[in-house]
Amino acid sequence: KMAVLLAVLPALLSLAHALPNGYAWGCLSISAHLPFCNPKLSLDERLDDLFSRLSFDEQLGLIGPNNRSGVDNCNFMDAGVVRLGIPPYMHLVETNTAVASACLGVNQCATEFPGPTGLAGSFNRTLWHTKGEVISNEMRAFNNIGWHRGTWDAPKSLIGLTGFGPNINIERDPRFGRNSELPGEDPLLSGTYAEHMVQGCQEGDDPRYLKMVAGLKHYDAYSVENNRAGRSVNISMFDMWDTYLAQYRIGFTKGRAAATMCSYASINGVPSCANDYILNKVLRGLWNRSDVVVGTDCGAIDNMFNANHYVKNVVEAVAAAINGGADMELGDLYFSPPSSQGNNSLTKAIREGLTTAKKVTTAARRVIANRFRLGQFDPLEDQPYTRLGAEQINSTAHQAVNLDAALQSIVLLKNDGLLPLRTGKTIAVIGPHAVSTRDLLEDYAGDELCFNNTYDCVPTIGAMIARFNTGGKTLIALGVEMDGTNTSHIPAAINAAREADVVVLCIGDGHGDEYESVDRVNITLPGVQHAFAQQVLALGKPVVMVLVNGGIVAIDGLINDPNAIVEAFCPSMRGAEALSMLLFGQANRWGKLPVTVYPADYVNQVDMYNFDMALAPGRTYRYYTGPTLFPFGFGLSYSSFELACKQSPQAFDCDVKNTGPVAGDEVVMVYHRASEAIRRSVNHPVPLTKLVDFERISLSVGETGALTFTITPDYLVLTDENGNEVVYPGVHYFDITRGHGPVTTFSITAPAYEVVRNNTV
């Protein structure tokens, strides 16, 4: 009977999509006749009417968790307003790589995308937008059928339409435990990734409504796990605007993200979730986004008096948060009223004159306004998104997008001609990542990826290579574990390598090495993997080294001997399949590095807790002056390409020709370099070079494609010591490159000083 039920469950659920179950919709019953349910009125008129009917405690119930709900308070199920027909609503669903959810059935779990680092390496705006579309399709579907998360509080944790992702903190230091969640080290790349993913999430066929709410994480300067709750970092105005705010400006002003999660980080002594500067002055003032809902990271208010000691007690903490710009609280019950089993601290703060009821109303109004923008207070009949059902979840179309994403997220770092592999050979696939499943996924993968709540449905690299090696023999061996010193499996792996025509050596790190709450202490291969790799390479066999990792791994001493090196990052559910397609030449859609691969000693030269980007030897490709193992933007192909560019007053126009033997993709990047005269004339750091534009192009054999890079003032911008973005008079150079090979350089002479963005508030 259970087997039959599982077989028909998706079909039954798909029937339910004709009309949503009503979860989260506020005007389906007793309040349908009231003005706030009238879609002909303006949003402000509707909110005015609704709030005229709410008590103060009811407002508090909308911005703090309801401890009676049975839902984890970090997921934040509010109290709703039952007497007005407004149901409780859960505000936190992670959407960095998938809609965090339980599976509907076998092979019907949320589409899980490759880790953002690899995905950013695609340098493909269209792909990022499409990822957002897939996530919003599935989020709407889960919401329409009344589905839930896969967390301990299921099935009460009903999925709403508010998703938190993408996470766009900068990969400032390769030891940071959550680098696997991030789209790289460059602010423009990360911001553009956010812009297009958010647009894909929020924008759909019906311009009247948000398709979902996308919230950027973690705003701001979140880059350390060790003592994250209590640590305050010192950041200059230059670094704040040049590195830590730059990608968020793009995500909020161009992507129009409707929400954000303030981070655990304290910036210059002020917690992000009480930071008037970044929340009120910058986000809502300078960037004119007074509509953005700010939710605290889980427990961030508690940190203010128990960890970083910004204030003395909980009453001062809630006042600091609401005054500083936070709207809703995740994790604690300090905003929540007694009716939600909260401790009513906001009411106490108002009585003590530390904040005002007006600020609470403003916060609650902002929170509920996004639900109006989602259509949750409008009639259902003519809303197209309410018709998305279970057929959307991991659909054939979504699977195809996911595979395409994985193909573009893997980087070819070295190839002496061994690749592509020929089928029909004896291939040894060895190393911990030959058989890994969970470790192919980034830190914040979805709640449930396989229907049995294991990782059994995640294909391994070894199994996939065996599938693609038609007519051949594939030997799979662990060799060594990801961590630890157990060497008992090495003989079997070495024997497999000796027997093989080709060895695919799969090494890297895993979920146990870097994750939320744990930073790495070094960036070398964990356990005894390095020594194992040396043993394999000493055999003299043809070797493809495949790296799977979140943050980069330093492979000093292992670069010269392999015939080919591939960086797969966290390739996820379709990753082993995509890797196999690439290795066997069934696809040629490689990406580029969105990060710098430093040598192992780099971590001994920089203080993990110093946020000065230019302090010698510097951080990221923009400021790092030392040697690299592989530079930012690097990546090879099975094809060769010719790049011919010319300059006009308005643009750089480039022709890209595929001169190689196979069809393939190429990425063209434009970098800005300030002249030495400009460098000498300013009293602040100047990047060595910085990315200002990029495009990806697909070309068949012999085909030529045209790319146009339109010159804007942003191409010439530098950040001054006060955080203003300015153009300095003088010569500015622009390097156009494929990440390797010849570089075309043009120059533009700026006639006068210009302030492009005045960031003074």
Is it possible for you to check whether R371 lies under 6.0 Å from the centre of the six-membered ring of Y89, through NZ or CZ, and within 45° of that ring's axis?
-> yes
Please determine, by modelled atom types, if N167 and E181 share a side-chain donor-acceptor pair under 3.5 angstrom.
-> yes
Which value, rounded to the nearest 0.5 Å, describes the distance between W287 atom CH2 and T253 atom OG1?
-> 7.5 Å
Among side-chain atoms of W128 and T192, is any donor-acceptor pair under 3.5 angstrom?
-> no
Do D44 and S42 have a side chain donor and acceptor closer than 3.5 Å?
-> no
Measure the spacing between CG of N758 and CG of N724 and express it to the nearest 0.5 Å.
-> 4.5 Å
D693/R125 ion pair, N-O < 4.0 Å = yes
Which pairs would a plain distance check flag for residues 318-330, meaning a side-chain donor or acceptor within less than 3.5 Å of a matching protein atom at least two apart in sequence or in another chain?
unit_1: N323; atom_1: OD1; unit_2: T355; atom_2: OG1; d: 2.6
unit_1: N323; atom_1: OD1; unit_2: K359; atom_2: NZ; d: 3.4
unit_1: N323; atom_1: ND2; unit_2: A319; atom_2: O; d: 3.1
unit_1: N323; atom_1: ND2; unit_2: L354; atom_2: O; d: 2.9
unit_1: D327; atom_1: OD1; unit_2: R366; atom_2: NE; d: 3.1
unit_1: D327; atom_1: OD1; unit_2: R366; atom_2: NH2; d: 3.0
unit_1: D327; atom_1: OD2; unit_2: R284; atom_2: NH2; d: 2.6
unit_1: D327; atom_1: OD2; unit_2: V294; atom_2: N; d: 2.9
unit_1: D327; atom_1: OD2; unit_2: R366; atom_2: NE; d: 3.2
unit_1: E329; atom_1: OE1; unit_2: Y334; atom_2: N; d: 3.0
unit_1: E329; atom_1: OE1; unit_2: F335; atom_2: N; d: 2.6
unit_1: E329; atom_1: OE2; unit_2: Y334; atom_2: N; d: 3.0

Salt bridge present between R53 and E58 (N-O < 4.0 angstrom) = no
Donor-acceptor side-chain pairing of R696 and Q408 below 3.5 angstrom = yes
Inspect the surroundings of CG in N107 and state if more than 12 heavy atoms from other residues, nucleotides or ligands are less than 6.0 Å away.
-> no
So does D404 pair up with R574, basic N to acidic O under 4.0 Å?
-> no
With a cut-off of 6.0 Å (strictly less than), are more than 12 heavy atoms of other residues, nucleotides or ligands near NZ of K156?
-> no
Modelled atom types, side-chain donor and acceptor of D297 and Y222, under 3.5 Å = no
First locate atom NE2 of H129, then atom CE of M197, and finally report the distance between them rounded to the nearest 0.5 Å.
-> 11.5 Å
Separation between OH (Y248) and CD1 (I168), nearest 0.5 Å, reads 5.0 Å
Looking only at atom types and distance, does a side-chain atom of D78 sit under 3.5 Å from a main-chain N or O of P88, one as donor and one as acceptor?
-> no
Residue pair R149 / N75, side-chain donor-acceptor N/O under 3.5 Å = yes
Distance col, row S572:OG vs L403:CG, nearest 0.5 angstrom, shows 11.5 Å
Side-chain donor or acceptor of W25 paired with backbone N/O of G375 under 3.5 Å = yes
In plain terms, say whether D291 and R365 are close enough for a salt bridge, that is, a side-chain N and a carboxylate O under 4.0 Å apart.
-> no
